[in-house]
Amino acid sequence: MSGSEEREGGSESPEPGRHGLPELMAERRAKAERLRQSDPGAFPYAFPGAEPIEGILEAYAHLADGEETEDVHRVAGRLAARRGAGKAAFLDLVDRTGKIQLHARVDVLGPELFERLLSLDLGDLVGVDGAVLRSRHGELTLRVDRFQILAKALRPPPDKHHGLSDVETRYRRRELDLIASEDARSLFVDRARIISAVRAYLDSNAFVEVETPVLQPLYGGALARPFTTHHNALDRDLYLRVATELYLKRLIVGGLERVYELGKDFRNEGVSPKHNPEFTMVEWYEAYADYEDEARRLEEVVSHAAAAIGYGGELDFSSPWRRLSFFEAIEAQTGIDLETHRDGESLSAAIAERGLRLPTEGLTWVQLADDLLSKFVEPTLQQPTFVFDYPVEISPLAREHRTRPGLVERWEAFAGGMEIANAFSELTDADVQRERFEAQQRLASGGGGQEFHPYDELFLQALEQGMPPAGGVGLGIDRLVMVLTGRQSIREVVLFPAMRD
RNA sequence: GCCCCGUUAGCUCAUCUGGUAGAGCGCCGGACUUUUAAUCCGGUGGGGCGGGUUCGAGUCCCGCACGGGGCACCA
C-alpha cells in the first residue's frame, strides 16, 4: 500500500483504505471469520421449520395498523434492506414467496444480539423467529425475538433498489438476477407451471411420457445441423438429437398409441432472440388422429398452459384459433398468388415486380415460398394462428394432402409473430417415406444447401412394420413461455442461455 | 461469418467541442426505539484489454474480447 492513509490522521477506522470489490469482500470475510468463532458459525447446517413468507402475509392480512400479536413464526431468507433507527432497526427479509419486514429492538434482543443483527450485511441469509405485528405505517412485520445467520454472503448483492439491469450479468450470473428481481423469480416459476400444465394435460389424456436417446447414431426429424460428439469406447461419432420425432414414431408403431417426450433438442445454428442452441421441445404423437385433431389438441394444451399462469395478456388463446392456408397467408401479405406462380422463375419475377425485399437469386420455388412466409407473414401473426397445408418439398415427414396435390397435411402454429408449433398428419407409408428421403438426398447432393434428412433405415423398417394413422405435434416450450409471459428474447426465459466464453 | 451500436465504482446512472471523472445506493465511522428507495453528519471506491495519435485520451484512430440489435443460417 502507498502512504495515502497517513494524511487521514487515524481517528476513523484503522484501515480507511478503498472500498472496491476486494475491500468489500475483505470486510465480509472478516465478519464471516468472527461468526465462525461463535455458536452456529457462519454457515450452519440447517434451519428446519421456516414458513413461506407469503403464507404469513396472507394469514395476517386482517391485522389493523399498529396491531400486535404474540404469534411467533419462523422465516428464512436473504437480507434485502436495512433501515436503522437507533436502538431499533427495520430489515427486509426475502424468500421465494415474498418479502417481510423485520423489526429489531434492543429491548427485545439485548444490546449484544442487537449489535450482532445489525452487523449482518445485505445479502446474508438469515433465519428468524418472531411475533407478527402490523406497523403503524401498515407494513406486516415480524418482531425479531431470535435470529440466526444461515449463510454469510461474501460478495455484495446487486443494488437493492435498481436491481440488476446489465443483461450480460443477468444471463451469465442468473443467481444474481434471481436475488435482485422478484420478476425474474416469478418468471421461472411461471415457466415451471407452464411445463407442468403441458404434462398434466397430456398425462390426463392418456399420453405416455417417454424418454428416447439424446445421443443418436443418426439425427433426424428436423432439417438442422447437429452437434457431433464421440463415444470413446465404441469409437464412433454420435449426434445430439435435433428432434425426437423418429423415435417417437417407432413407439407409435410399437403400439404405445399416445406418447410424448418433453426435453432438450440441440441445433448447431445461430443464436438469436428466438434461437438458443439447446432448447426445450415437447413432441406428442397420437395414433388414429390426423392434423385436424392435433390442431384442436394444441389449442387445448396452450389454453391450459395459459390458465396455469393466469395469462392476462392481449392474445386470445380460446378456441378456435384463426386458420389460414399457406397460400392464403402469403397472398394476404404479399399479394402474390402461388397458384399462378408455380415455378421459381415466375415467383422470382412476381417478387421483383412487387418490389419485395427478398433475395431470390438461385432459389427454388419452395425456398422462395417459405421465405415469403417467414419474412412477410410470420411477423404479422400476433394472435394465435394456424397456417395449413405446406408444400411437400419442405415437409418430408408429413403425409400428402388428401385433396390438394403437391401439398401435405401440415400446419404450423404462430403466436406473438413467431412459430410455436408444427404438426402433421404423419406419413405412414414406408415406401413413400423412402422416396421422400431419396428426394432429400438428391436435393442435398444436387447443390445448394448441405442439410438434409439422413436416410434412417431403422425408422423406415419401423414404418414397414405398419404404423397406424397418426397425428403428431412439436411445440417449442421456450417460445410458448415467451409468448405467455410477453418476453421478446428466448434468453429471458432460459435460465442459463448460451453465451460466448 | 458480415454490418451497426455499446462496455465509466460492487450495483444503478451522469460526465458539451480532447484539458484534474461526478452522484445515488452499498460499504466504513457517528446520531436516531415505527422505518420502508428511512433520514442526518463524516469517510470510501472507477474509464473492458492491447496498441497508436497528442504536450495531454473515458473522449480521436487501429486491433482484440464480451454484450445487444440486424443479416446470413435456422425448411
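Quick note on labels: first sequence line is chain A, next is B, and so on, each numbered from 1. Owing to the predicted nature of the structure, the values given are computational and were not obtained by experimental measurement.
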Rounded distance in Å between the C1' positions of B/G48 and B/U59 = 16 Å
Check: A/E33/A/Q37 side-chain N/O donor and acceptor closer than 3.5 Å | yes
Could you check whether A/R500 gets within reach of a base, just the sugar-phosphate, or nothing at all, counting any heavy atom under 4.0 Å?
-> sugar-phosphate
Contacts to RNA chain B from residues 172-187 of chain A, heavy-atom cutoff under 4.0 Å, which residues?
-> A/R172
Start at the 5' end of RNA chain B and walk down; is the nucleotide closest to A/S374 or to A/D501 reached first?
-> A/D501
If the P atom of B/G45 is compared with that of B/A21, how far apart are they to the nearest Å?
-> 13 Å
Rounded to whole angstrom units, what separation is found between the NE2 atom of A/H103 and the C1' atom of B/U33?
-> 6 Å
Would you tabulate the pairs of protein nitrogen or oxygen atoms and nucleotide nitrogen or oxygen atoms of nucleotides 68-70 of chain B closer than 3.5 angstrom?
| unit_1 | atom_1 | unit_2 | atom_2 | d |
| --- | --- | --- | --- | --- |
| B/G68 | OP1 | A/R491 | NE | 3.3 |
| B/G69 | OP2 | A/R491 | NH1 | 3.0 |

Hey, what do you get for CD1 (A/I100) to CG (A/D95), rounding to the nearest 0.5 Å?
-> 9.0 Å
Kindly determine whether A/E409 and A/S425 satisfy side-chain hydrogen bond (donor to acceptor under 3.5 Å, both in side chains), including the steps that lead there.
-> CA-CA 5 Å; A/E409 294 198 353; A/S425 293; 2.7 Å; yes
With side-chain hydrogen bond (donor to acceptor under 3.5 Å, both in side chains) as the test, would you mind laying out the steps for A/Q101 and A/R83 before giving the verdict?
-> CA-CA 10 Å; A/Q101 174 168 267; A/R83 298 173 290 280; 2.7 Å; yes
Kindly give the atom pairs (protein nitrogen or oxygen, nucleotide nitrogen or oxygen) under 3.5 Å for nucleotides 2-10 of chain B.
| unit_1 | atom_1 | unit_2 | atom_2 | d |
| --- | --- | --- | --- | --- |
| B/G10 | OP1 | A/L21 | N | 3.2 |

B/U36 pairs with which nucleotide, Watson-Crick or G-U wobble, both distances below 3.5 Å?
-> none
Using a cut-off of less than 4.0 Å, is there contact between a side-chain N or O of A/R225 and OP1 or OP2 of B/C73?
-> no
Say you pick atom C1' in B/G46 and the same atom in B/G10; how far apart are they, in whole Å?
-> 11 Å
Could you work out the separation of B/G58 and B/A14 based on their C1' atoms and round it to a whole Å?
-> 13 Å
State yes or no: are the ring centers of A/Y291 and A/F424 separated by less than 6.0 Å?
-> no
Please measure how far the C1' atom in B/G68 lies from the corresponding atom in B/A31, and state the result in whole Å.
-> 46 Å
What are the two closest heavy atoms between A/K152 and A/A32, and how far apart are they?
-> CG-CB, 3.7 Å
Scan A/S165 against the nucleic acid and name what it touches under 4.0 Å (heavy atoms): base, sugar-phosphate only, or nothing.
-> sugar-phosphate
On a whole-Å scale, what distance lies between the C1' atoms belonging to B/U44 and B/A23?
-> 14 Å
First of A/G163 and A/L120 reached from the 5' end of RNA chain B, by closest nucleotide = A/G163
Please enumerate all protein N or O atoms sitting under 3.5 Å from an N or O of nucleotides 38-40 of chain B, with distances to 0.1 Å.
| unit_1 | atom_1 | unit_2 | atom_2 | d |
| --- | --- | --- | --- | --- |
| B/A38 | OP1 | A/K160 | NZ | 2.2 |
| B/A38 | OP2 | A/R83 | NH1 | 3.4 |
| B/A38 | N7 | A/G84 | O | 3.0 |
| B/A38 | N6 | A/G84 | O | 2.4 |

For A/E27, report the nucleic acid contact type (base, sugar-phosphate, nothing); a contact means any heavy atom under 4.0 Å.
-> sugar-phosphate
Using atom C1' of each nucleotide, how far apart are B/C3 and B/A72 to the nearest Å?
-> 11 Å
Check against side-chain hydrogen bond (donor to acceptor under 3.5 Å, both in side chains), A/E492 and A/S489 | CA-CA 5 Å; A/E492 292 291 332; A/S489 169; 5.7 Å; no
When the P atoms of B/C25 and B/G50 are considered, how many whole Å apart are they?
-> 33 Å
Are A/Y239 and A/F266 near enough that their ring centres are under 6.0 Å apart?
-> no
Only counting residues at least two apart or in another chain, list the ones meeting side-chain contact (heavy atoms from CB on, under 4.5 Å) with A/L246.
-> A/L397, A/D456, A/F459
Whether A/W365 and A/F327 hold their rings parallel, tilted or perpendicular, with breakpoints at 30° and 60° | perpendicular
Once you apply the 3.5 Å cut-off to both distances, tell me the Watson-Crick or G-U wobble partner of B/U15, or none.
-> none
Taking side-chain contact (heavy atoms from CB on, under 4.5 Å) as the test, write out the residues that go with A/V132, two or more places apart.
-> A/I56, A/Y60, A/L63, A/T69, A/H73, A/L140, A/L142
Using the six-membered ring wherever Trp is involved, compare the ring planes of A/F388 and A/W411 and label them parallel, tilted or perpendicular (cut-offs 30° and 60°).
-> tilted
Taking atom types as modelled, is there a side-chain donor on A/E283 or A/Y285 under 3.5 Å from an acceptor on the other?
-> yes
